[in-house]
Number of protein chains: 2
Amino acid sequence: MSTTPSMAEIGALVGNPARANVLVALLDGRALTATELAFAARVTPQTTSGHLARLAQARLLVLEKRGRHSYYRLASPLIGRMLEGIMAAAADGPPRRRPAGMGDEALRAARTCYDHLAGRLGVALADALIARRRIVLAEDGGQVTDRGARFLTGFGVDLAASERRRRAFCRPCLDWSERRPHLAGAIGAALATRCFELGWLERMRDSRAVVISPAGRRGFVEVFGIAPINGGF
Amino acid sequence: MSTTPSMAEIGALVGNPARANVLVALLDGRALTATELAFAARVTPQTTSGHLARLAQARLLVLEKRGRHSYYRLASPLIGRMLEGIMAAAADGPPRRRPAGMGDEALRAARTCYDHLAGRLGVALADALIARRRIVLAEDGGQVTDRGARFLTGFGVDLAASERRRRAFCRPCLDWSERRPHLAGAIGAALATRCFELGWLERMRDSRAVVISPAGRRGFVEVFGIAPINGGF
DNA sequence: CCGACACTTCGGAGTCTTCCGAAGCGATCG
DNA sequence: CGATCGCTTCGGAAGACTCCGAAGTGTCGG
């Protein structure tokens with residue numbers, strides 16, 4: 001009943017809008033410069049610098065200096081999962097009277113979430129995989145079925161690399177724009193990587209949004225069976 | 001890049017030591033009265049009342065009035081998982097210069113963590129299950145092996161009840177006192193329930209700590225193969 | 001019906017935080 | 001080498017928060 005100071009410290013860190021913006025901007029695992037983060041945080045560079053120093057001291061972020069730039073990124077995937085958890089709780093919390101149309105449309109369509117896919121595309125992908133019994137997702141975890149393993153291998157995802165068979169983990173991650181789960185974990189990451197490899201997706205500069213190429217558009221429909229309407233493209 | 005106000009709100013809520021103490025006290029899912037929570041929070045009842053009202057308004061807690069008592073509990077398992085995530089991040093964060101001997105010894109030995117077992121007992125249990133290839137745990141998720149399923153069924157855990165076979169989910173949860181994962185998810189909860197049923201464990205009043213009965217002591221060694229020394233009892 | 005109890009609301013003192021302007025420190029470029 | 005750029009540090013103003021004492025509301029017990 002007394003071992004909690006550190007939890008409150010982390011809460012206080014996340015509890016400032018500027019710092020929360022920084023953390024969300026870093027959620028896809030990339031390293032951003034202090035100036036880019038100042039823009040994301042919506043405060044001046046001086047103020048941001050102080051915030052970044054505090055986040056780094058608490059080991060939520062790590063700093064890498066290169067030339068005259070300071071690159072900050074999340075200290076570990078653990079931090080990313082913590083933030084996901086907070087966002088999930090925030091998403092099903094009080095009826096958000098936030099306009100909801102506010103967020104960037106490109107982000108809502110398709111984006112990366114740490115190392116996997118989110119947004120309408122991410123959710124549609126998860127839905128399609130579930131509908132065809134290729135994966136099973138519950139609140140607490142998930143599983144790749146045998147037919148799912150065959151399908152993913154055929155698609156070029158190296159399941160063996162995601163650690164020996166039966167350790168190819170699969171986990172739900174609550175999408176904060178769609179408020180429904182999408183596919184995360186080792187499988188989600190591997191799938192996203194493969195889509196980038198195939199040129200189905202491309203990252204947008206200075207954003208976590210991704211754009212779907214014409215090949216990707218075809219592929220998601222033909223290979224995964226996503227209805228173009230549901231995929232939102 | 002703008003859809004984060006709610007995340008900061010939740011962070012700010014968790015970021016106050018008194019409120020963090022309240023949330024941790026409720027982590028095992030029980031409902032506690034305002035007065036009990038004031039004790040846990042280490043502030044006066046007036047102050048606690050304000051905190052509880054804010055937590056309830058943000059839907060982190062729900063309030064149930066019975067007679068002249070106000071019972072508060074976590075609004076959903078989602079909130080519990082969010083708190084776990086924060087604690088896990090806190091645990092592997094900066095080298096905690098906290099005396100470390102501070103925490104209640106009984107809590108460190110064995111306690112409930114929302115609905116499953118934690119502390120030295122929880123970690124030892126997970127270790128024993130892993131060593132005998134009954135479960136597999138990775139950072140992102142886990143799995144019950146076939147031999148594990150047979151073992152658990154034999155122990156009296158109803159795997160079918162944790163939703164159809166192959167949906168019996170198993171998930172790691174970072175133990176904040178031991179800083180190593182223990183077993184959570186549907187399987188972790190079912191296992192804990194069975195241990196209480198068998199009388200191997202008993203809850204302590206006004207604490208998340210659990211005491212191991214003599215039968216439990218024998219059982220954990222003989223059935224699970226926990227070395228008494230590692231189990232800490 | 002009165003007192004004890006559980007809880008909440010109100011008001012104000014003390015404290016901590018956030019923020020920006022100004023200025024400093026290195027790295028890079030011409 | 002001097003100018004520019006990226007980032008950080010310093011100082012102080014404005015604001016927000018937490019906390020408790022005092023007092024109010026509703027419930028239970030005799």
Side-chain angles (χ1 to χ4, degrees), chain A residues 2 4-26 30-73 205-206, chain B residues 2 4-26 30-73 205-206:
Chain A
S2 57
T4 42
S6 44
M7 196 173 97
E9 282 167 27
I10 291 196
L13 250 16
V14 178
N16 170 277
R19 285 192 297 260
N21 286 336
V22 164
L23 291 168
V24 171
L26 293 171
R30 286 186 305 175
L32 299 180
T33 66
T35 308
E36 290 170 323
L37 290 170
F39 180 79
R42 303 179 176 285
V43 288
T44 60
Q46 311 91 290
T47 303
T48 307
S49 179
H51 287 316
L52 292 173
R54 288 180 60 184
L55 290 168
Q57 174 148 28
R59 309 237 187 138
L60 265 63
L61 304 185
V62 290
L63 164 62
E64 188 179 343
K65 294 208 176 204
R66 237 182 302 161
R68 56 181 164 184
H69 294 278
S70 292
Y71 284 90
Y72 288 89
R73 61 181 168 75
R205 283 184 61 77
D206 299 333
Chain B
S2 58
T4 43
S6 45
M7 198 174 96
E9 282 166 27
I10 290 195
L13 250 16
V14 178
N16 170 277
R19 285 192 296 260
N21 286 336
V22 164
L23 291 168
V24 170
L26 293 170
R30 287 185 304 175
L32 300 181
T33 66
T35 308
E36 290 170 322
L37 289 170
F39 179 78
R42 304 180 174 284
V43 288
T44 59
Q46 308 93 290
T47 302
T48 306
S49 179
H51 288 315
L52 292 173
R54 289 180 59 186
L55 290 168
Q57 174 148 28
R59 307 234 188 139
L60 266 63
L61 303 185
V62 289
L63 165 61
E64 188 180 343
K65 294 207 178 207
R66 236 180 305 159
R68 56 181 162 180
H69 295 278
S70 291
Y71 284 89
Y72 288 90
R73 60 181 167 76
R205 282 184 61 80
D206 299 333

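Since this is a predicted model, take the numbers as computed values, not measurements. Order of the sequence lines sets the chain letters (A, B, ...), proteins ahead of strands, with each chain counted from 1.
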### Query
Which nucleotide in the set C:dC19, D:dC19, D:dA22 lies at the smallest distance from any side-chain heavy atom of B:Ala18?
D:dC19

#### Entry: Interatomic distance where NZ belongs to B:Lys65 and C1' belongs to C:dA6 [whole Å]
10 Å

### Query
Looking only at heavy atoms, what is the nearest atom pair of B:Ala40 and B:Ala25, with distance?
CB-CB, 3.8 Å

### Query
Quick one: B:Arg19 CZ to D:dA16 C1', roughly how many Å, whole number?
12 Å

### Message
Between C1' on C:dT18 and NE2 on A:His51, what's the gap in Å once rounded to a whole number?
### Response
6 Å

### Query
With a 4.5 Å heavy-atom cut-off, do A:Leu23 and A:Leu61 have their side chains touching?
yes

### Query
Do B:Arg66 and B:Tyr71 come close enough that some side-chain heavy atom pair is under 4.5 Å?
yes

### Query
What is the distance, rounded to the nearest whole Å, between atom CZ of A:Arg42 and atom P of C:dT18?
19 Å

### Query
To the side chain of A:Arg54, which of D:dT18, C:dT18, D:dT9 is closest?
C:dT18

### Task
Report the distance from atom CD of B:Glu9 to atom C1' of D:dA16, rounded to the nearest whole Å.
15 Å

#### Entry: Side-chain donor-acceptor contact under 3.5 Å, B:Ser6 with B:Glu9
no

### Shortest side-chain distance from B:Arg68, nucleotide among D:dC19, C:dA4, D:dT8
C:dA4

### Query
Taking only side-chain nitrogens and oxygens of A:Thr47, does any of them come within less than 4.0 Å of OP1 or OP2 of C:dC20?
yes

### Query
Rounded to whole angstroms, how far apart are CG on A:Asn21 and P on C:dT18?
14 Å

#### Entry: Position toward the 5' end of DNA chain D (nearest nucleotide), A:His69 or A:Ala53
A:His69

### Task
Consider the side chain of A:Val43, meaning its heavy atoms from C-beta on, and name the nucleotide among C:dT8, C:dC19, D:dT8 that approaches it most closely.
C:dC19

### Query
Phosphate oxygens OP1/OP2 of D:dT8: is one of them under 4.0 Å from a side-chain N or O of A:Ser70?
yes

### Message
Please report the distance, rounded to the nearest Å, between CD in B:Gln46 and P in C:dG12.
### Response
16 Å

### Query
Does A:Tyr72 have a side-chain nitrogen or oxygen under 4.0 Å from the phosphate oxygens OP1 or OP2 of D:dT8?
yes

### Query
Think B:Ser49 has a side-chain N or O under 4.0 angstrom from the OP1 or OP2 of C:dT8?
yes

### Message
Using a 4.0 Å heavy-atom cut-off, does A:Thr33 contact any base of the nucleic acid, only the sugar-phosphate backbone, or nothing at all?
### Response
sugar-phosphate

### Message
Can you tell me if A:Tyr71 touches the phosphate of D:dG6, counting only side-chain N or O atoms and a distance under 4.0 Å to OP1 or OP2?
### Response
no

### Rounded distance in Å - CZ (A:Arg66) to P (D:dC5)
22 Å

### Query
Between B:Val22 and B:His51, is any pair of side-chain heavy atoms under 4.5 Å apart?
no

#### Entry: Minimum-distance nucleotide (side-chain atoms of A:Asn16 versus D:dC19, C:dC19, D:dT8)
C:dC19

